[in-house]
Colleague: 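Just passing along the structure, written as structure tokens.
Throughout, a chain's letter reflects where its sequence line sits, starting with A, and its residues are numbered from 1.
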Amino acid sequence: MENPLFRLIRFGWGLISLPDQVKRLIFIFVLLLIGWFAIRSRLVPETFGEKGHYRRAALEANAALPVAYVGQSDCVLCHEDVGDLKRKSYHRSVTCEVCHGPGAAHLEDPETNLLFQPKERGLCTLCHGYNSSKPTGFPQIDPMLHNPNDPCMMCHNPHDPKPPHTPAECGACHGEIARTKSVSHHASLACTLCHETQEIHKENPRLAIPGKPQSRAFCGTCHGETADSPKHIPRVELDSHGNGDLCWQCHYPHYPEVF
Amino acid sequence: MEHLFEQLQQNFSQIVGYIYPNEIELHWGILIVVYPYITGLVAGAFILASLERVFDVKEVLPTYRLALLTALAFLIVAPLPLLAHLGHPERSFEIMITPHLESAMAMFGFVYLWYLLVVLILEIWFEYRGDMVLWSRSGKGLKKYFYYLLTLGSLDTSEKALWFDQKAVKFITIIGIPSAFILHGYVGFLFGSIKANPWWSSVLMPIVFLFSAIVSGISLMILVYGITALFRSKQIDMVCIDKLASFLFYTLIIDVSLEVLDFIHRVYESVESIHIMEQMISQKLFISLVVVQLLIGTLLPLTFLAFTKLLRFPDELKRLIYFVTAILVQIGIFSTRWNVVIGGQLFSKSLRGLTHYKMELLGIEGLLISIGLLIMPLVILAILIKILPPWQDRTAAVS
Amino acid sequence: MEKRQDGIDRRKFIKDLALAGTVIFIMGPEVKGAEIGEGEKSETHLYGMGIQVDKCIGCGRCVYACKEENNVPREPFFFRTWVERYIITVDQEVLVDSPEGGINGFPEAAKEYSILRSFFLPKLCNHCGNAPCVQVCPVGATFTSDEGIVLIDDEYCIGCRYCIQACPYGARFLHPEKKIAEKCTFCYHRLGRGLAPACVEICPTGARIFGELRLRSSPLTRFMRFNEIQVLKPDLNTQPKVFYAHLDGEVR
């Protein structure tokens, strides 16, 4: 006696007018497909596809990561005095954590998590050590020549970095240029011969930028055909030489060519 | 991890020029070389099989079933190198359940399953169904039930049913050819579509991949056919193997022309990246590209095959030449894959420097695993041959 | 009941209208993407970063801060941001270096070079509008957030490294321990707390500017109004959201 259910299946099987092989294969493929959909519906993460082709939960996971650098505004809540001093200084745009390191742990528990207080020269010279790739005008010193044995803090307060006394020589700040010039044919010339410099530039450099020669005639006072200068100085015909450019546009006055 | 850092530290000394700091680690190693190599063999072997069915090249009939089984054996192994190289293989199922439709790599699951289930296994099933029914009937004990299970209970061996099987095989083969093209063209597309990488980014990439795949598949079948004949101490069918060698010769010519075209195109266009490519080929890829791929893997086989066509050699010698040629072609195609995958990562995307790849010996992404992955398909093939004997010696006997 | 509902709706409508008007007034009418009139949604941000090349002094504090903030492996093979130095010599030779990503600054260039021009250049993920890494990710583990930030799902990344291959800028790496792709997130976790990315916060010279791209008045839009702006590898159509002022043609 055959089970009526089997008979029904057998009957239905016969109704489909496809070759036996194909029907069996289709049956298996349908099973596989159903299986795949069943597995898929269980495995796709809950928040997947809510906003795009990704898990929305990943946004929250990214947003929930801890912060290490808290920002200057949090530092000055306690260190008000330092904040006030620094705010008016050259270092106003240098936030506390540049030198002292990330402050989150310190903010949590100021007593036990003390911040780093750099005392060596290394950190200062990262910014202020001379490097020819640094933008012109950024204050730099040569760490090997500029009081090599003393910590920077001995003379400069990092919260209000001013030279301890007004520099007498241009070379104190513009060391690289001074050194270049000192071995050039222009060694004997004072900087101020070409650069008109107001006294205040020494105290507040950006208030008064030194000038540059603005005419060919200025160089011509030494290098012109008729100039009243020692004979060995090279001469040019001012009217025909070059294309009317200013001299320093082609020549480097701090280290002029040797003829 | 310490090991990785040591290795990267060593790589520092090998850097030429400037590379982006993150580029010191080369991410796709030998496993990813093995992957396109294997899929190429699959596609090539299948296309060879389809020659007999669709284009009615009767000479290669002795290799038809063998080629199908070879393709299956390699296809089963194809995803393993990918899996082994993943950072999180346990998450690999994501590629099936949430495939990102814009991603070429996400298509892998679909292309692979289509090819495996709809093309290869179906074709093999229809091809063998009649035989399996016979084996089930004549077999004893477990064997009987095993083959019964394989037939899926479809036991009809009437003329009409067998005729339908053959029709189905032909139909599937016709679908199979574009599928094989897609399977391997797709692997080429994986690389060819990376616009960030001038070594990879080329429209010709899928086509070059495809033809090198056919070359590698045919030469593999020469080897497999020769070796199995040796093991069974049967005479090698010279008509068949001559035909295979001819196909190898022609496809190799097309393959070389395409690659030369690609090369000329790059040199002639001479865009920004040409300088670093030049440096890379002369400094880092000289052996694997010029010596192995071009000389040993392409020009030498071409010369050998040309000789067998021009001159009359005794069968013995011809067989030897075919055999050596096929091995050389395999070496050549493997180094082609190497030069694409590794070469594409040896230069910095800043186009200002070259980095270095040091292959590991042990370890999951190392040489040993790769060799294992290359041997594995041969073992699977041996098992498949045992289960589904592909021998149809009747034609061989006639010729 | 119905009437009251209506009343509330009308009041809400007027409120929305007023809000929308204010928004239009602040942002200007040509704001795109921000759906004005849909209440909260009009507050969607779109972030970008500006980099003033001639302010960078190569101190590497941004590289250091990034590693601290984001727990980037300290070994010098993994960077979310790094600084490059370009030296173009008188013979037009271009020398680029980035020792340890610039985290310890840069040693003075060797004296034998006759330098024509030289500069530092910070780099990071460009958070491309048409991001190749997002395109190629097979599972949706890297994606672009509503704010235009390209993020990574740590728990979903399978570590296939296709995205690393696809990034033209070398901005991604594989985390040696977690075995997932990693890169800059514009410090996504800081933005929600009203903080700027760590590298921007820390830059002592203000070479990095972070802000809204859609607003007419943000530090970034101001920066972009007053400078000639370029992006990296524009020919690849990745549409970066990191904008460089005074970028040298030799930068790649």
Colleague: For residues 96-112 of chain B, give me every residue with a non-hydrogen atom less than 4.5 Å from any non-hydrogen atom of chain A.
Modeller: B:M96, B:I97, B:T98, B:P99, B:H100
Colleague: Give the interface residues of residues 17-33 of chain A toward chain B, defined by a heavy-atom separation under 4.5 Å.
Modeller: A:P19, A:D20, A:Q21, A:V22, A:R24, A:L25, A:I28, A:F29, A:L32
Colleague: Could I get the full list of side-chain hydrogen bond (donor to acceptor under 3.5 Å, both in side chains) partners for B:Y35, not counting sequence neighbours?
Modeller: none
Colleague: Quick one: what part of B:L117 sits under 4.5 Å from any heavy atom of chain A, side chain, backbone, both or neither?
Modeller: both
Colleague: In terms of heavy-atom contacts, does OH of A:Y90 have more than 12 from other residues, nucleotides or ligands at under 6.0 Å?
Modeller: yes
Colleague: Name the region of B:A168, side chain, backbone, both or neither, that has any atom closer than 4.5 Å to a heavy atom of chain A.
Modeller: neither
Colleague: Mind checking which of residues 72-95 of chain B sit less than 4.5 Å from chain A, heavy atom to heavy atom?
Modeller: B:F93
Colleague: Does atom CZ (B:F189) have a neighbourhood of more than 12 heavy atoms from anything else shown, all under 6.0 Å?
Modeller: no
